[in-house]
Amino acid sequence: MAALTRVSGSVGLISLLNPPVNALSAAVRQGIVDTVRRAVSDPQVKSVVICGQNGVFCGGADIKEFGGHMSGPPLVPIFNTIEAADKPVVAAIEGSALGGGLELALACHYRITQSKARLGLPEVSLGLLPAAGGTQRLPRLIGVPAALDLITTGRHLTGAEALKLGIVDQVTDQNTVEAAVKFALSIVGQSLESRRISTLPCPCPADIDAFFEGVMQRVKKSAHGAIAPVACVQAVQAAATLPFTQGMQREQELMATLFGSGQARALQYCFFSQRVVSKWSSPSGSRWDTSKPKPVTKVGVIGLGTMGRGITVALALAGLSVVAVETQQQQMMAAQHAVSGMLERTARRRGVSLVGDQIRYSVELEAVADVELVIEAVFEDMALKEKLFKQLSALCKADTLLCSNTSSLDIDHLASQTHSPQLVVGMHFFAPAHVMKLLEVVYGPRSAPQAVATAMELGKRMGKVSVAVGNCSGFVGNRMLMPYVEEASFLVEEGASPEIVDRALEEFGFPMGVFRMSDLSGLDVGWKVRKARGLVEPGQMSRVRQGRRYSPLGDLLCEQGRFGQKTGRGWYLYDSAGSREAQPDPWLQSFLEEYRARQGLVSRRIDSQEVLERCLYALINEGFNILQEGIAAGPEDIDMIYVFGYGFPRHRGGPMFYASQVGLAQVLQRLEHYQQLHPDIPHLRPSSLLRRLVSSGSPRIQRWREIIRMPHSSL
Ligand code: COA
């Protein structure tokens, strides 16, 4: 798993051989031990270059090994041996040097990298820390603040950025291995004393205690309960305050706590799930990703409201030609101005040059006649969309894909308005569309696999996590959200305040509780949806509608003009319209008291456990129904939708993984308990799939698909 050859007479070239990313499996680690020993003891070898096969240096530790019994030589002594070698060792970095890959490079005496290569210590995103010396060597090399930034965020750098920070010694656009060999020849015989990073002092900010206190506060706040970022700070603090050997001990202790944690398991599950959903498969298990996507270079966007603008920006940033259509001249001018601003800001933030000249604006629908794919983003109104799809079907090329950005409307119905229903799919983006990572690709019973593949591929090019889902009201994300939001309102009727509910959810790890989130998105949005469903009865307080429990609280607030942040009042009070600082509203408290009195409801104390169980288990239960119906192919699809689109804490793995961690029998038992107390709430009735899984012995989440085995596929 690692090969040693002698090149240019005296350079020992060690190549890591473990495709696709040369992960440091037990065999690779053993390979490094053997080849380094041979290179160091071979008198004909005067210097050493370490590289990776197939243009990738090393993707780090083999994450697949983490779940099982670890064997083979550990990394720390291997890296210490490399650093202590009396022959110069040069890392030749192509492709990626991530995690253990970068730690290996840091143990070498010199680093040469391709300018486009990606370098970083992403362990934190897997619930871990760089535990092969990364937290101790990197701060010694580039200073504490820069190292903290990289280690606590896990962000990747390009080779060019790494040079600026002082992580690498040289960047090349030529053949990296050849450059490294040439360099290795040139440094034979030079002293290595200053090249052994572990022996260097750690450059620290002046008031180190105050510095770390501030960093810790910031990191804890943004971690939302994740423990790895906090441990990363502690490990770097050890580098700043302890000698290398003791710092290494501290790194190991912290790693031991993280390694066996549920959070690390959840985050590693997310890593693999993200890759599983990109290989979209049908609920019956047959894979569709063999269907080749159609090449797309030019895309039409219809409707330049908030969503259309974000989609246009995301397409332009992905390098596609865009024809942006808004039939109202004034709206079009405003949109053009807004899109330019968004592009400028995003380009600046990403440090890329400005794009935008590939966007053509028009007020004529006919402008999209020659595009390969259209994304419709007009108002959420079925009659309007029906008309538009009929028009598009008549004017576009026969093989143009017609996609709708609807968040809930029936894709199959839209498809039926066109000549080629097989070319119609949903592309449900999330606001702001140029920022949010999630894309639900919605297929109807008639969508062609190639149409789905094309939308999935386009999403990937736009940097999205694309998840293929079946067609139903609300698709996966919004359908599951409904019971979650409803439970929150029921809890407020029963005695909780919005603050109690939000605090419990935020302590769980959501960046925002359900009420703060509703205030941010606008209470009128849900009001409109409920009106369309015939649920709203103006001025009425009845708590049963359409045969089930209903909370009119949201409607009553909207009737008072309380739409949330934009009106300065909603579930909370704000200083002014548009302000973000939510404060408890005494008006709301008396309104709720009066409401409960009129409804004959006796307020009771509701604790955070009940908030979590009722809101989350209702959401999870709907997830099981979705799996049962084959709307999502597997639990990974649901989890990635919730992690990337709905702020579900990644360190909990997503709702379905969380359920598996809590224990399916426990989730079932609590749902049964609440259903007995609230028989008028249908979404607390346990899903039959949940019962089936529990009676099958609550298998590991990776085995759920086998058990689900949906007999019908929608394609
Ligand atoms: N251990 C085990 N498998 C890994 C791996 C690792 N460190 N890194 C990648 N893989 C696997 C992926 O699961 C995928 O497998 P699959 O084809 O069976 O789905 C395959 O290698 C290719 O990875 P992918 O992410 O699809 O390729 P990419 O070219 O888009 O990205 C990397 C390559 C290296 C940038 C990316 O895989 C990555 O970030 N890996 C993790 C790096 C990391 O966190 N290292 C620290 C570990 S503690």
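When a ligand or atom number is given, it counts from 1 through the structure's own listing order.
Within 6.0 Å of atom NZ in K460, 12 or fewer heavy atoms from other residues, nucleotides or ligands are found, so the atom counts as exposed in its surroundings.
Short contacts between ligand 1 and R118, defined as distances under 4.0 Å to a heavy atom of the residue, involve ligand atoms 31 (O), 35 (C). Distances below 4.0 Å separate heavy atoms of P122 from the following atoms of ligand 1: 43 (C), 44 (O). Near D62, meaning under 4.0 Å from one of its heavy atoms, ligand 1 places the atoms 1 (N), 2 (C). Atoms of ligand 1 found under 4.0 Å from any heavy atom of K64 (numbered from 1 in listed order, with element): 3 (N).
Protein heavy atom in closest approach to atom 19 (O) of ligand 1: K279 NZ, 2.4 Å. Protein heavy atom in closest approach to atom 6 (C) of ligand 1: A61 O, 3.5 Å. Nearest protein neighbour of atom 9 (C) of ligand 1, counting heavy atoms only, is V21 CG2, 3.7 Å. Summary of contacts: the protein heavy atom closest to atom 32 (C) of ligand 1 is L98 CD1, 4.3 Å. When only non-hydrogen protein atoms are considered, atom 36 (C) of ligand 1 lies nearest to R275 NH2, 3.9 Å.
With a 4.0 Å cut-off on non-hydrogen atoms, V56 does not touch ligand 1 at all.
Judged by distance alone, the side chains of S321 and Q358 never bring a donor and an acceptor atom under 3.5 Å apart.
Per-atom contact check: atom 3 (N) of ligand 1 touches the protein, criterion being a heavy-atom distance below 4.0 Å.
By the 4.0 Å heavy-atom criterion, E65 is excluded from the residues contacting ligand 1.
Backbone and side-chain nitrogen or oxygen atoms of I63 are examined, and one is located within less than 3.5 angstrom of a nitrogen or oxygen of ligand 1.
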